[in-house]
Amino acid sequence: MDQKMTIEDKRFLEEAIAIAKENIDAGGGPFGAVIVRGNEIIASSGNRVVPDSDPTAHAEVSAIRMASTALRTFDLSKCTIYASCEPCPMCLGAIYWAGIRRVVFASDRYSAAAAGFDDEMIYREINLSNDKKSILMERGMTLEGDTVFEKWDKFPGKIPY
């Protein structure tokens with residue numbers, strides 16, 4: 001059931017849906033995203049996976065990259081993302097890393113799956129231990145790898161994120 005939306009929410013979500021529709025004709029996937037701060041659109045993008053030959057160029061990730069560049073910050077906590085569809089696990093991870101605290105979406109993951117964009121396997125696997133994942137996860141040079149974090153802990157110029 002749809003939540004009660006403001007006029008602004010409806011306007012920005014309509015924009016994300018329009019981008020998704022236009023993106024199909026432009027050779028991209030059927031997804032669109034708009035990032036807003038206050039009542040201002042900071043960035044928007046369609047899915048660019050096929051045109052850019054980049055499996056990470058989902059609409060939400062592309063819009064996050066553009067918004068971060070436009071605002072010159074990795075902290076988008078004062079922004080809302082509007083998406084034509086419920087974000088996939090990768091996009092949701094990017095949304096968390098960007099600090100975005102509100103997501104408004106139209107279609108859901110089940111409609112996306114019915115259209116051939118099924119992320120259910122990723123949702124299931126993400127919580128599995130490494131030895132149970134369908135991707136072979138191998139670990140080596142643990143002590144050497146940990147030295148990177150030791151250096152980070154001592155680095156006086158670090159910017160936490």
Rounded to the nearest 0.5 Å, how far does [atom2] of [Y] lie from [atom1] of [X]?
{"X": "Thr80", "Y": "Glu8", "atom1": "OG1", "atom2": "CD", "value": "11.0 Å"}
{"X": "Cys91", "Y": "Ile81", "atom1": "SG", "atom2": "CD1", "value": "7.5 Å"}
{"X": "Ser44", "Y": "Met66", "atom1": "OG", "atom2": "CE", "value": "6.0 Å"}
{"X": "Ile64", "Y": "Thr69", "atom1": "CD1", "atom2": "OG1", "value": "11.5 Å"}

Do the side chains of Arg101 and Lys78 get nearer than 4.5 Å, heavy atoms only?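 Heavy-atom side-chain distance check fails, nothing below 4.5 Å.
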Are Glu86 and Ser107 close enough that some pair of their side-chain heavy atoms sits under 4.5 Å apart?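 No. Closest side-chain heavy atoms not under 4.5 Å.
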Taking a hydrophobic cluster as the set of Ile, Leu, Val, Met, Phe, Trp and Tyr residues connected by side-chain heavy atoms closer than 4.5 Å, whether directly or through intermediates, do [X] and [Y] fall within one such cluster?
{"X": "Leu71", "Y": "Ile35", "value": "yes"}
{"X": "Ile42", "Y": "Ile100", "value": "yes"}
{"X": "Val36", "Y": "Met5", "value": "yes"}
{"X": "Ile41", "Y": "Val103", "value": "no"}

Quick check: closest heavy atoms across [X] and [Y], and the distance to 0.1 Å?
{"X": "Pro87", "Y": "Ile95", "value": "CG-CD1, 3.8 Å"}
{"X": "Asp118", "Y": "Glu120", "value": "OD1-N, 2.9 Å"}
{"X": "Cys85", "Y": "Ala112", "value": "SG-CB, 3.8 Å"}
{"X": "Ala106", "Y": "Ser84", "value": "CB-O, 3.3 Å"}

Please give the remaining members of the hydrophobic cluster of Val61, linking ILVMFWY side chains under 4.5 Å, ordered by chain and number.
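Taking Ile, Leu, Val, Met, Phe, Trp and Tyr as members, Val61 shares its hydrophobic cluster with Met90.
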Tell me the salt bridge (Lys or Arg N to Asp or Glu O under 4.0 Å) pairs involving residues 59-71, sequence neighbours left out?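 Checked against salt bridge (Lys or Arg N to Asp or Glu O under 4.0 Å) - neighbours excluded - the pairs reaching residues 59-71 are Asp54-Arg65.
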Going by the ring-ring contact (aromatic ring centres under 6.0 Å, His included) test, which pairs reach into residues 46-66, not counting sequence neighbours?
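For residues 46-66, and leaving out neighbouring residues, there are no ring-ring contact (aromatic ring centres under 6.0 Å, His included) pairs at all.
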Residue pairs passing the ring-ring contact (aromatic ring centres under 6.0 Å, His included) test where at least one lies in residues 84-106, sequence neighbours excluded: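 Every pair satisfying ring-ring contact (aromatic ring centres under 6.0 Å, His included) with a residue in residues 84-106: there are none.
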I'd like to check the ring pair (Phe, Tyr, Trp, His ring centres under 6.0 Å) partners of Phe117; sequence neighbours left out, ordered by chain and number.
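Testing Phe117 for ring pair (Phe, Tyr, Trp, His ring centres under 6.0 Å), a comparison that skips the adjacent residues, returns Phe31.
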Please list every donor-acceptor pair under 3.5 Å in which a side-chain atom of residues 128-143 meets a protein atom from a residue at least two apart or in another chain.
| residue | atom | partner | partner atom | Å |
| --- | --- | --- | --- | --- |
| Ser129 | OG | Asp131 | OD1 | 2.4 |
| Lys133 | NZ | Glu125 | O | 3.2 |
| Lys133 | NZ | Leu128 | O | 2.6 |
| Ser134 | OG | Glu125 | OE1 | 3.3 |
| Ser134 | OG | Glu125 | OE2 | 2.8 |
| Arg139 | NE | Thr142 | OG1 | 3.2 |

Donor-acceptor contacts, no H, no angles, side chain residues 152-161, under 3.5 Å, sequence neighbours left out:
| residue | atom | partner | partner atom | Å |
| --- | --- | --- | --- | --- |
| Lys158 | NZ | Trp152 | O | 3.3 |
| Lys158 | NZ | Asp153 | O | 3.3 |

Any residue meeting side chain to side chain donor-acceptor pair (under 3.5 Å) with [X], in chain and number order, not counting sequence neighbours:
{"X": "Arg124", "value": "none"}
{"X": "Asn127", "value": "none"}
{"X": "Ser77", "value": "Asp75"}

inquiry  = Counting only heavy atoms from other residues, nucleotides and ligands, does the tally under 6.0 Å from CZ of Phe74 exceed 12?
reply    =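 Correct, the count exceeds 12.
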**OP:** Tell me, yes or no, whether the heavy-atom count around Arg37 atom CZ, taken from other residues, nucleotides or ligands under 6.0 Å, exceeds 12.
**Re:**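 Incorrect, the count does not exceed 12.
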Check whether any side-chain N or O of Asp119 sits under 3.5 Å from a backbone N or O of Ile122 as a donor-acceptor pair, and report yes or no.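 Between the backbone of Ile122 and the side chain of Asp119 there is no qualifying donor-acceptor contact (under 3.5 Å).
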Has the side chain of Ser62 got a donor or acceptor atom that lies under 3.5 Å from a matching backbone atom of Ala59?
->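 Not confirmed, Ser62 side chain does not pair with Ala59 backbone.
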Practice item. Go through the structure and list residues passing salt bridge (charged side-chain N to carboxylate O under 4.0 Å, His left out) with Arg102, not counting sequence neighbours. Key: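 Counting only residues at least two positions away or on another chain, Arg102 forms a salt bridge (charged side-chain N to carboxylate O under 4.0 Å, His left out) with Asp9.
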Ignoring hydrogens and angles, write down the donor-acceptor pairs under 3.5 Å from the side chains of residues 13-24, residues two or more places apart or on other chains.
| residue | atom | partner | partner atom | Å |
| --- | --- | --- | --- | --- |
| Glu14 | OE2 | Lys10 | NZ | 2.9 |
| Asn23 | ND2 | Gly29 | O | 2.8 |
| Asn23 | ND2 | Asn47 | O | 2.6 |

